[in-house]
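The structure appears below as C-alpha coordinates.
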Amino acid sequence: YKVFEKALREVDGVQEVRLREFVSNVCQVEVDWAYDLERLATRIEELKTPEVRYKITEQTHDRITVKIVKRGQNATP
(Lines give C-alpha, C1' and ligand atoms only; values in the text may rest on other atoms or scores of the structure.)
Protein backbone atom coordinates (compact mmCIF):
# COMPACT_ATOMS: atom_id res chain seq x y z
CA TYR A 1 0.00 0.00 0.00
CA LYS A 2 2.72 2.48 0.94
CA VAL A 3 4.40 2.24 -2.50
CA PHE A 4 1.06 2.86 -4.20
CA GLU A 5 0.16 5.72 -1.86
CA LYS A 6 3.50 7.46 -2.40
CA ALA A 7 3.29 7.14 -6.20
CA LEU A 8 -0.34 8.29 -6.25
CA ARG A 9 0.36 11.38 -4.14
CA GLU A 10 2.83 12.55 -6.82
CA VAL A 11 0.16 12.52 -9.58
CA ASP A 12 -1.05 15.99 -10.60
CA GLY A 13 -4.68 16.39 -9.53
CA VAL A 14 -4.51 14.05 -6.51
CA GLN A 15 -5.48 16.11 -3.49
CA GLU A 16 -5.68 13.43 -0.79
CA VAL A 17 -5.19 9.67 -0.38
CA ARG A 18 -6.80 7.87 2.57
CA LEU A 19 -6.61 4.21 3.53
CA ARG A 20 -10.13 2.98 4.30
CA GLU A 21 -9.53 -0.74 4.81
CA PHE A 22 -6.79 -3.33 4.36
CA VAL A 23 -8.06 -6.90 4.85
CA SER A 24 -6.82 -10.18 3.30
CA ASN A 25 -4.42 -8.41 0.94
CA VAL A 26 -7.23 -6.17 -0.36
CA CYS A 27 -6.83 -2.46 0.20
CA GLN A 28 -9.61 0.12 -0.11
CA VAL A 29 -8.32 3.63 -0.68
CA GLU A 30 -10.28 6.85 -1.07
CA VAL A 31 -8.74 9.42 -3.41
CA ASP A 32 -9.77 13.06 -3.69
CA TRP A 33 -9.16 13.85 -7.34
CA ALA A 34 -9.54 17.12 -9.27
CA TYR A 35 -10.55 15.58 -12.63
CA ASP A 36 -12.78 12.80 -14.03
CA LEU A 37 -12.41 9.16 -13.03
CA GLU A 38 -11.28 8.04 -16.49
CA ARG A 39 -8.28 10.34 -16.25
CA LEU A 40 -7.42 8.97 -12.79
CA ALA A 41 -7.56 5.39 -14.14
CA THR A 42 -5.18 6.35 -16.93
CA ARG A 43 -2.78 8.05 -14.52
CA ILE A 44 -2.76 5.01 -12.22
CA GLU A 45 -1.85 2.67 -15.08
CA GLU A 46 0.94 5.07 -16.06
CA LEU A 47 2.51 5.09 -12.57
CA LYS A 48 6.15 4.04 -12.64
CA THR A 49 7.53 2.14 -9.67
CA PRO A 50 10.48 -0.26 -9.78
CA GLU A 51 8.75 -3.10 -7.90
CA VAL A 52 5.21 -3.16 -9.25
CA ARG A 53 2.86 -2.05 -11.99
CA TYR A 54 -0.83 -1.21 -11.78
CA LYS A 55 -3.64 -2.69 -13.88
CA ILE A 56 -7.21 -1.38 -13.86
CA THR A 57 -9.48 -4.44 -13.64
CA GLU A 58 -12.85 -2.72 -13.14
CA GLN A 59 -14.29 0.76 -13.37
CA THR A 60 -17.72 2.14 -12.47
CA HIS A 61 -19.02 5.73 -12.26
CA ASP A 62 -17.40 6.26 -8.83
CA ARG A 63 -14.94 3.40 -8.26
CA ILE A 64 -11.79 1.95 -9.81
CA THR A 65 -10.43 -1.50 -9.00
CA VAL A 66 -6.68 -1.73 -9.38
CA LYS A 67 -4.59 -4.88 -9.34
CA ILE A 68 -1.04 -4.36 -8.12
CA VAL A 69 1.30 -6.77 -9.88
CA LYS A 70 4.95 -7.47 -9.21
CA ARG A 71 7.04 -6.64 -12.26
CA GLY A 72 7.44 -9.69 -14.50
CA GLN A 73 4.15 -11.31 -13.44
CA ASN A 74 0.90 -11.56 -15.41
CA ALA A 75 -1.78 -8.94 -14.57
CA THR A 76 -4.78 -11.10 -15.48
CA PRO A 77 -7.46 -10.66 -12.75
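The basis for the numbers below is simple: all heavy atoms, side chains too, and nothing from hydrogens, waters or symmetry mates.
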Non-hydrogen side-chain atoms of [X] and [Y] separated by less than 4.5 Å:
X     : Y     : value
Gln59 : Arg63 : no
Ile64 : Leu37 : yes
Val14 : Asp32 : no

Atom [atom1] of [X] and atom [atom2] of [Y]: how far apart are they, to the nearest 0.5 Å?
X     : Y     : atom1 : atom2 : result
Glu21 : Gln28 : CD    : CD    : 4.5 Å
Arg18 : Glu30 : CZ    : CD    : 4.0 Å
Lys70 : Thr49 : NZ    : OG1   : 12.5 Å
Glu5  : Glu10 : CD    : CD    : 11.0 Å
Arg53 : Ile68 : CZ    : CD1   : 12.0 Å
Leu19 : Phe4  : CG    : CZ    : 11.0 Å

Quiz prompt | Side-chain donor or acceptor of Arg39 paired with backbone N/O of Ala34 under 3.5 Å | solution = no
Quiz prompt | Expected output: side-chain Arg9 to main-chain Val17 donor-acceptor under 3.5 Å | solution =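 Pair found, side chain donor or acceptor close to backbone of Val17.
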Quiz prompt | Within one Ile-Leu-Val-Met-Phe-Trp-Tyr cluster: Leu8 and Val52, side-chain cutoff 4.5 Å | solution =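 Same hydrophobic cluster.
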Looking at every non-hydrogen atom in both residues, tell me the closest pair between [X] and [Y] and how far apart they are.
X     : Y     : value
Ile56 : Glu45 : N-OE2, 3.0 Å
Tyr35 : Gly13 : CE1-CA, 3.6 Å
Ala7  : Leu47 : O-CD2, 3.6 Å
Val66 : Tyr54 : CG1-CB, 3.8 Å
Arg71 : Lys48 : NH2-CA, 4.4 Å

Quiz item: Does Asp12 pair with Arg43 as a salt bridge, N-O distance under 4.0 Å?
Solution: no
Practice problem: Report the C-alpha distance between Glu51 and Val3 in whole Å, list the side-chain angles of each, state the deciding distance to 0.1 Å, and finish with yes or no for side-chain contact (heavy atoms from CB on, under 4.5 Å). | Solution: CA-CA 9 Å; Glu51 312 82 19; Val3 171; 3.6 Å; yes
